[in-house]
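Inspection log for the structure reproduced underneath, given as structure tokens.
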Amino acid sequence: MRPFPEPDPGEPALGSPGRYLLWLAAAHRASAVLAVGYGVLCTLAQAFVPAAIGRGVDRGLIAGDRGALVAWCAVVLGLGVTQAVAGTLRDRCSVTNRFGASYRTMQLVTRKAARLGAELPRRVSAGTVVSVGATDITRIGAALESTARGGGAVVSIAVIAGVMLTVSWQLGLVALVGVPLSAAAIAALMRLLHARQQGLRKEQGALADLAVDIVDGLRVLRGIGGERVFADRYRERSQRVRHEGVRVAGVESSVAAGRLLLPGLLVTVIVWLGAHFVGTGRMSAGALVAFYGYAVFLAEQLRRATSMVDQLTRAFVAARMVTDLLAMEPGLGSGDRELAAEGARGPLRDPGSGLEIPPGRFVAVACARPDDMLLLADRLGRYVDSPATLGGTPLAEFPLAEVRRRILVVDHDARLFSGGLAAQLDPHGAAGGGADGATNGSAHGAADRLRRALDTASAHDVVEALPEGLDQEITGGREFSGGQRQRLNLVRALLADPDTLVLVEPTSALDAHTEARVAERLGAHRHGRTTVVFTTSPILLDRADHVVLVEGGTVVAEGPHAELLADARYRAVVTREVTVA
């Protein structure tokens, strides 16, 4: 099967759930039309089987004509073969539609997540994104798959109702009245089901958020003995999901009962009237057999049609969540001013706090409030709108992608992804040669860079402890301790080698001896490059070229670590000394 074409994220059809589903169908126009066409052909072939059997009964069995009986048996066989072939082709196209819609939706969601970048966690919860990727795209794909069977069911219902009218207008009228009434009754239940499903979807998203929080903080929870508290909280939230699920199940059971009961009543009425017409001589026995087959067929097709409506209802709820995510736009604008290499090596300044980072220096920033660390780091890296400048020019005037390339911010929550460790440490592959022992010069240079970064981060022991070393497949870093993840994240940051590296508490989870080694080597590794470390660790502060103290969001003191120790405010932040007014 050929690959699906790349979707255009800028399509205006992404504005609403209904338009989005129509856009997906249009994106797979060929396979969607073929699927519905094959579905109609398959169901019509099935629909005409009762007529062929009825003719065989009347003209073959009752009339005693063996040739007619063989002929109509051949017709039944041909209809069966047509049904089998068309059904196979229908299912093939339907599966293409299903996975194509899911794949396109995942493409769009992933692309939007990458485009939003660091803004995504601030605007939507992780559980919502997980639910979209795990549940919503599946429901959207299932809805497109159901249109083939459902479309064929709708067309065949109309055709068979017309056939019944031509044979017996009374029975045809019963079918024409009974089918819409049954569909209307089930549609009313569907509307209620839609509302209940929306409530369940919200509760599932909230439960997924809580699960993500617990998994991320499991180590801390165990450290403070908070497992029981969060287990009780999760149990309470899961019970709310269960309660909503039971409410949805109540409506679903009513829908399922309606799908069986209403068509069954219709079949009963049609068969009873047909038997009466046969007894009074107004209809032949073969016609009664055909009408019974029609009635059973209509009941089955009505169930398929309502099943399609059910799938589309679920897909509409899922598409609303998807379109809400796709409707988000980055809040940060991107300038068009060229950022030359000379400008990138200028001083980095935040006018709001008075923090200025001279180029090519190792500067440590100690903040009295931990929140100020992340806020200032976001300002310097332009993850939030701020008047920060680089070389005297506001960062907002430069292209955002260029700012990201020149200024790298690594906070203490930075994550590793699943895959080979070497690829996680060096996503661009510059150091990949170290992992497989390549012998050319560039590979040796890359391997040297990797070894030097591992040495600076004191992370050789982390790699050596893995059975396959740098080739080890990792699962998002969950197999590492907090300190090991910090060191590996530092290796990744050093290999990126940006003009300005901003680190937030890079050694908070390390023991004192390891932290001292990292502090001693970091400045030398980044010699000639700008390095900013937000920390209150005396070990790192003592190794910095310059130290800045921030209190209340403003720079209040700066200088060497040894001199700043004479300032009571600095000592209170760094040594946790309590001052008495």
Side-chain angles (χ1 to χ4, degrees), residues 1 3-7 9 11 13-14 16-28 31-32 35-36 39 90-114 120 124-151 190 193-212 215 238 241-242 244-245 248-249 251-252 255-256 304-327 418:
M1 186 178 296
F4 298 107
E6 288 290 317
E11 284 283 346
L14 304 182
S16 67
R19 292 180 65 196
Y20 178 67
L21 292 176
L22 289 174
W23 176 76
L24 281 177
H28 301 85
S31 59
V36 174
R90 174 201 62 197
D91 291 344
R92 181 182 179 86
C93 293
S94 296
V95 171
T96 299
N97 294 335
R98 174 173 187 158
F99 288 107
S102 299
Y103 173 70
R104 281 177 177 268
T105 302
M106 180 57 76
Q107 275 186 315
L108 291 169
V109 170
T110 303
R111 189 172 300 177
K112 177 61 70 172
L120 182 63
V124 63
S125 65
T128 298
V129 179
V130 170
S131 296
V132 168
T135 303
D136 293 332
I137 64 169
T138 302
R139 290 180 175 175
I140 290 173
L144 260 69
E145 182 184 26
S146 70
T147 56
R149 293 177 181 270
M190 287 293 187
L193 179 62
H194 185 192
R196 297 281 175 88
Q197 285 174 341
Q198 284 184 317
L200 176 60
R201 178 62 180 77
K202 291 180 181 179
E203 290 295 337
Q204 287 174 331
L207 182 63
D209 289 340
L210 184 58
V212 170
V215 171
S238 65
V241 174
R242 184 189 67 82
E244 287 296 326
V248 171
V251 181
E252 286 182 336
V255 172
R304 285 188 178 182
T306 54
S307 177
M308 178 185 67
V309 174
D310 183 25
Q311 294 287 356
L312 290 174
T313 300
R314 294 172 183 268
F316 193 89
V317 175
R320 184 179 298 279
M321 305 303 296
V322 171
T323 52
D324 286 347
L325 179 60
L326 296 180
S418 297

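In this chain, numbering begins with 1 at the start of the sequence shown.
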- Residues passing the side chain to side chain contact (heavy atoms under 4.5 Å, CB included) test with Ala142, sequence neighbours excluded, are Arg98, Gln311
- Message: Let me confirm one number: the CH2-CG distance from Trp23 to Leu108, rounded to the nearest 0.5 Å.
- Response: 4.5 Å
- Message: Nearest 0.5 angstrom please: Asp136 CG to Thr105 OG1, how far?
- Response: 9.5 Å
- Message: Quick check: closest heavy atoms across Gly150 and Met308, and the distance to 0.1 Å?
- Response: CA-SD, 3.5 Å
- Of the options Val322, Leu312, Thr135, which is the one that meets Ile140 in a side chain to side chain contact (heavy atoms under 4.5 Å, CB included)? Val322
- Task: Any chance you could measure His28, atom NE2, to Thr96, atom OG1, to the nearest 0.5 Å?
- Result: 8.5 Å
- Message: Looking at every non-hydrogen atom in both residues, tell me the closest pair between Ala143 and Ala315 and how far apart they are.
- Response: CB-CB, 3.3 Å
- Locate the shortest heavy-atom distance separating Ser102 from Gly141; write the atom from each residue and the value. OG-CA, 3.6 Å
- Task: Determine the minimum heavy-atom distance between Gly18 and Phe316, stating which atoms define it.
- Result: N-CE1, 3.7 Å
- Task: Kindly write out the residues that satisfy side chain to side chain contact (heavy atoms under 4.5 Å, CB included) with Arg149, not counting sequence neighbours, or none if the list is empty.
- Result: Arg90, Asp91, Arg304
- Task: Could you grab the distance from atom CE of Met106 to atom OG1 of Thr138, nearest 0.5 Å is fine?
- Result: 8.0 Å
- Query: By side-chain hydrogen bond (donor to acceptor under 3.5 Å, both in side chains), which residues pair with Ser31, not counting sequence neighbours?
  - Reply: Asn97
- Message: Please give me the minimum heavy-atom distance between Leu144 and Thr147, naming the atom from each residue.
- Response: O-OG1, 2.6 Å
- Query: Between Leu325 and Lys112, what is the shortest heavy-atom contact and its length?
  - Reply: O-CG, 3.6 Å
- Query: Roughly how far, to the nearest 0.5 Å, is the CZ atom of Arg111 from the CG atom of Leu326?
  - Reply: 11.0 Å
- Message: Nearest 0.5 angstrom please: Tyr20 OH to Arg104 CZ, how far?
- Response: 9.0 Å
